[in-house]
Amino acid sequence: MHDEFLCHVTAYGVCGGRRIGVPLGTYRAPTLALALWWLRDRASWIAERLDPQPDAEHFPPGALVPVAGTVPDVPAVLRTWCGDVGQQELVADELAAGRLVRLAVSDDTTEYELLAESVDALRMQRTIPALFVSIA
């Protein structure tokens, strides 16, 4: 069982013809449960900012308009992922096994990426090449 997990959220877009990543948060989770909670929290946070409730008091009437039906619905995908118990169990199993987990969802301008990985697995990957270094 892996004890600590490094979690990242990044948004990627194109600026000046180059793909640019903007970090939206990093968290070093001391437990698997906290890593899963943080990923769900960040996914919900992104969804709420992309698709806020139209009747929220801080938006003037008419400030929010629906997008075309052809635009991928990133907030819906993120909300669905957060509420899918089976997906949460799959992520937990992958992380517990020491594997990197990546959730990426895109609309027509931006890709949102949520990553989590075991700190122990990262340490093990760094030491393996050192075990096979030729000295001659």
Side-chain angles (χ1 to χ4, degrees):
M1 177 68 173
H2 297 268
D3 295 329
E4 259 187 305
F5 302 90
L6 197 54
C7 307
H8 306 278
V9 177
T10 308
Y12 295 96
V14 177
C15 181
R18 294 181 36 205
R19 182 175 158 94
I20 303 294
V22 177
L24 300 178
T26 298
Y27 176 57
R28 190 171 181 145
T31 67
L32 178 58
L34 285 173
L36 293 170
W37 170 83
W38 190 83
L39 290 171
R40 282 191 308 270
D41 181 69
R42 294 294 83 197
S44 296
W45 179 82
I46 292 168
E48 182 57 31
R49 270 125 196 99
L50 293 175
D51 186 20
Q53 298 302 318
D55 57 349
E57 61 190 48
H58 54 278
F59 293 111
L64 300 176
V65 295
V67 296
T70 58
V71 175
D73 192 350
V74 169
V77 171
L78 292 172
R79 288 180 177 121
T80 299
W81 179 79
C82 288
D84 187 331
V85 174
Q87 284 293 313
Q88 300 304 309
E89 289 175 356
L90 178 63
V91 168
D93 291 344
E94 292 295 306
L95 287 173
R99 289 187 282 278
L100 172 74
V101 172
R102 178 179 183 259
L103 170 67
V105 60
S106 301
D107 58 22
D108 53 350
T109 63
T110 309
E111 177 184 55
Y112 301 91
E113 178 185 71
L114 293 92
L115 287 176
E117 55 193 329
S118 163
V119 172
D120 293 335
L122 286 170
R123 286 181 186 137
M124 288 186 286
Q125 289 171 2
R126 287 187 192 130
T127 59
I128 288 173
L131 296 176
F132 300 103
V133 172
S134 175
I135 300 176

S.K.: Please list all pairs passing the salt bridge (charged side-chain N to carboxylate O under 4.0 Å, His left out) test where one or both residues lie in residues 65-84, with sequence neighbours left out.
M.R.: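 Counting only pairs at least two positions apart or across chains, the salt bridge (charged side-chain N to carboxylate O under 4.0 Å, His left out) contacts touching residues 65-84 are E48-R79, D51-R79.
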S.K.: What residue pairs, at least two apart or across chains, pass side chain to side chain donor-acceptor pair (under 3.5 Å) with a residue in residues 8-26?
M.R.: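 Sorted result for residues 8-26: H8-T26, Y12-E113, R19-E111.
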S.K.: Could you work out, with side chain to side chain contact (heavy atoms under 4.5 Å, CB included) as the rule, every residue matching P72, not counting sequence neighbours?
M.R.: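 With sequence neighbours excluded, P72 shows a side chain to side chain contact (heavy atoms under 4.5 Å, CB included) to no residue whatsoever.
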S.K.: When clusters are formed by joining ILVMFWY residues with side-chain heavy atoms under 4.5 Å apart, either directly or through shared neighbours, do W45 and V22 land in the same one?
M.R.: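 They do share one cluster, since a chain of ILVMFWY contacts under 4.5 Å joins W45 to V22.
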S.K.: Heavy atoms, side chains only, cut-off 4.5 Å: are L36 and F5 in contact?
M.R.: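 They are not in side-chain contact.
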S.K.: Kindly write out the residues that satisfy side chain to side chain contact (heavy atoms under 4.5 Å, CB included) with A11, not counting sequence neighbours, or none if the list is empty.
M.R.: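 Listed in chain order: L24, T110, Y112.
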S.K.: Quick test of your reading: applying salt bridge (charged side-chain N to carboxylate O under 4.0 Å, His left out), list the pairs with at least one residue in residues 86-97, sequence neighbours left out, ordered by first then second residue.
M.R.: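 Qualifying pairs, neighbours excluded: E94-R99.
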S.K.: Using links of under 4.5 Å between side-chain heavy atoms of ILVMFWY residues, direct or through other members, which residues join V85 in one cluster?
M.R.: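 When side chains under 4.5 Å apart are linked, V85 ends up in no cluster with other residues.
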S.K.: If you take all heavy atoms of C7 and L39, which pair is closest and at what distance?
M.R.: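 Looks like CB-CD2, 4.3 Å.
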S.K.: Do L115 and I46 share a hydrophobic cluster (ILVMFWY, side-chain heavy atoms under 4.5 Å, transitive)?
M.R.: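 In one cluster: no.
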S.K.: Which residue pairs pass the side chain to side chain donor-acceptor pair (under 3.5 Å) test when at least one of the two sits in residues 31-42, sequence neighbours left out?
M.R.: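 Pairs touching residues 31-42 that pass the test: R40-Q88.
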S.K.: Hydrophobic clusters here meaning ILVMFWY residues chained together by side-chain heavy-atom distances under 4.5 Å, can you tell me if L90 and L32 are in one?
M.R.: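 No; tracing contacts between hydrophobic side chains, which count when under 4.5 Å, never links both residues.
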S.K.: A43: which residues meet the side chain to side chain contact (heavy atoms under 4.5 Å, CB included) condition with it, sequence neighbours left out?
M.R.: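 Per chain and number, A43 pairs via side chain to side chain contact (heavy atoms under 4.5 Å, CB included) with L78, W81, C82, L114.
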S.K.: Under a single-linkage definition using a 4.5 Å side-chain heavy-atom cutoff for Ile, Leu, Val, Met, Phe, Trp and Tyr, are L50 and V14 assigned to the same hydrophobic cluster?
M.R.: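 Different clusters: L50 never reaches V14 through Ile, Leu, Val, Met, Phe, Trp or Tyr contacts under 4.5 Å.
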S.K.: Restricting to side chain to side chain donor-acceptor pair (under 3.5 Å), what partner residues turn up for T109, sequence neighbours left out?
M.R.: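 Listed in chain order: D107.
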